[in-house]
Novice: 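Please see the structure below; I have some questions.
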Amino acid sequence: MIPFNKPYLTGKEAHYIYQAVFTGKISGNGVFTKKCHSFFEQHYGFNKCLLTTSCTDALEMAAILIDTQPGDEIIMPSYTFVSTANAFVLRGAKIIFCDSMENHPNIDAEKIEALITPKTKAIVPVHYAGFACDMDKIMGMAEKYNLFVVEDAAQAVDNYYIGKDGTKRALGSIGHLGAFSFHETKNIISGEGGMLVVNDRQFEQRAEIIWEKGTNRSAFFRGETDKYGWVDVGSSFLPSEVIAAFLWAQLENLEDIQKKRIKIWQTYYERLKDFAVANEIALPVKPHYSTNNAHMFYLVCKDVEQRSKLIAYLKSKDILSVFHYLSLHSSPYYKNKHDGRSLSQSDRYTDTLVRLPFYYELTDTDMQTIINEIKQSLA
Ligand SMILES: *Cc1c(COP(=O)(O)O)cnc(C)c1O
């Protein structure tokens with residue numbers, strides 16, 4: 001059987017977990033957490049990083065930090081994971097869903113401005129499959145209308161936005177806040193795990209307080225205050241050192257992991273591109289303003305029947321492929337709250353996108369088997 005995903009272990013995870021356990025500091029914000037924070041801050045120019053127990057939690061922190069109030073409107077793609085929306089819905093916000101681009105599942109930046117009203121508080125671009133959204137356009141709009149930008153960079157670790165002048169900026173470092181995931185289906189993992197990136201300095205201090213259950217405990221341990229107590233709202237957003245130790249092993253091997261994943265991505269692409277053109281199947285498109293972090297490989301089928309047939313055929317050959325997301329604007333939870341606008345591209349990806357097996361240990365032989373079976377099924 002060829003699985004859809006197989007979490008990759010570098011070999012050092014258990015070793016660092018052992019260290020974390022036996023140094024006696026197992027709760028959060030210890031040595032491994034700090035190592036992870038400075039790795040990200042140094043490698044990607046993130047202003048301040050805070051590990052969280054998930055990207056879902058990082059998004060919830062972002063929603064608190066921008067002071068989301070009942071009735072606020074938050075613009076985001078409909079073609080995304082539920083957590084992108086839930087974080088803001090939990091604070092009473094109304095989600096204004098924007099369509100995807102015709103050639104890419106990412107939010108269509110050209111369509112955002114028409115959705116902005118006096119109630120709009122933030123734009124939440126999701127870098128789908130790790131590919132950058134049109135950040136110059138989105139940040140320009142945010143500046144013009146005085147909005148916050150929270151990047152859902154769950155899939156975008158080690159990827160970059162290329163500006164008009166050719167300069168590269170790490171995804172997650174561009175918006176006021178950014179959220180990453182280290183769930184076992186992502187490039188860099190810790191089982192469950194995530195990170196909030198605080199780029200706008202006005203949020204630095206409060207982010208740390210919300211992270212530590214609404215207390216000024218972090219400042220207390222740095223000796224900046226002589227007592228610590230309840231100073232704001234908050235929750236337990238920080239992961240234990242056991243999680244951070246696992247993540248640290250992965251970060252030490254980030255370059256190797258990324259090299260391998262990029263090779264897998266390119267192999268799929270090279271071996272499928274002619275077949276795709278001949279059979280009107282779309283392969284992932286890398287926007288000119290994005291680099292590629294090889295988070296996933298997907299096909300966009302002609303219609304839902306073709307996709308169902310492909311997934312079933314691959315399954316009969318013991319190959320697991322999966323589809324996602326069901327457009328949030330037509331979900332059982334949100335469809336009655338949505339304003340009724342049709343989002344045709346989002347619905348099209350819901351019906352036609354299929355993700356192929358993608359993991360570090362995927363062999364060339366298995367990849368060739370997958371490719372042959374795809375051709376058998378679709379030709
Ligand atoms: C994986 C993912 C999330 C959620 O990440 P968790 O760490 O599982 O909470 C949110 N948004 C997007 C786009 C994702 O891919």
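Values below: all heavy atoms of this structure, side chains included; hydrogens, waters and symmetry mates excluded. Order of appearance sets the numbers: ligands from 1, and atoms from 1 within every ligand.
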Novice: Could you list the atoms of ligand 1 found under 4.0 angstrom from a heavy atom of Phe81?
Specialist: 3 (C), 4 (C), 10 (C), 11 (N), 12 (C)
Novice: Have a look at ligand 1 and work out which part of Ser54, if any, has a heavy atom under 4.0 Å from it: side chain, backbone, both or neither.
Specialist: both
Novice: Taking side chain as C-beta onward, heavy atoms only, is Asn5 less than 4.5 Å from Met296?
Specialist: no
Novice: Which is it for Asp99 and Ser344 under the side-chain contact (heavy atoms from CB on, under 4.5 Å) test, yes or no, and what are the steps along the way?
Specialist: CA-CA 7 Å; Asp99 210 356; Ser344 61; 3.8 Å; yes
Novice: What is the nearest protein non-hydrogen atom to atom 11 (N) of ligand 1, stated with its residue, atom name and distance?
Specialist: Asp152 OD2, 2.9 Å
Novice: Just verifying a value: how many Å separate Cys98 SG and His329 NE2, rounded to the nearest 0.5 Å?
Specialist: 11.5 Å
Novice: If you measure from atom 15 (O) of ligand 1 to every heavy atom of Gln155, Met195, Glu60, which option wins on shortest distance?
Specialist: Gln155
Novice: List, one per line, each side-chain donor-acceptor pair under 3.5 Å for residues 55-64, sequence neighbours excluded.
Specialist:
unit_1	atom_1	unit_2	atom_2	d
Thr56	OG1	Ser83	OG	2.8
Asp57	OD2	Thr53	OG1	2.3

Novice: For atom 12 (C) of ligand 1, what's the nearest protein heavy atom and its distance?
Specialist: Ala154 CB, 3.3 Å
Novice: Side-chain donor-acceptor pair under 3.5 Å between Gln250 and Tyr8, yes or no?
Specialist: no
Novice: Ala244: what forms a side-chain contact (heavy atoms from CB on, under 4.5 Å) with it, not counting sequence neighbours?
Specialist: Phe32, Thr33, Leu51, Glu241
Novice: If the contact criterion is a heavy-atom separation under 4.0 Å, does Tyr325 count as touching ligand 1?
Specialist: yes
Novice: Does ligand 1 have an atom that lies less than 4.0 angstrom from a heavy atom of Ala179?
Specialist: no
Novice: Check for me whether Lys186 has a heavy atom closer than 4.0 Å to any atom of ligand 1.
Specialist: yes
Novice: Near Gly193, which atoms of ligand 1 are under 4.0 Å from a heavy atom of that residue?
Specialist: 7 (O)
Novice: Using 0.5 Å steps for rounding, measure from the CZ atom of Phe182 to the OG1 atom of Thr52.
Specialist: 7.5 Å
Novice: Under 4.0 Å, heavy-atom basis, I'd like to know which part of Thr56 is in contact with ligand 1: side chain, backbone, both or neither.
Specialist: both
Novice: Would the distance check show the side chain of Lys213 and the main-chain N or O of Val233 forming a donor-acceptor pair, the cut-off being under 3.5 Å?
Specialist: no
Novice: Identify, for atom 7 (O) of ligand 1, the protein heavy atom at the shortest distance, and state residue, atom and that distance.
Specialist: Ser181 OG, 2.7 Å
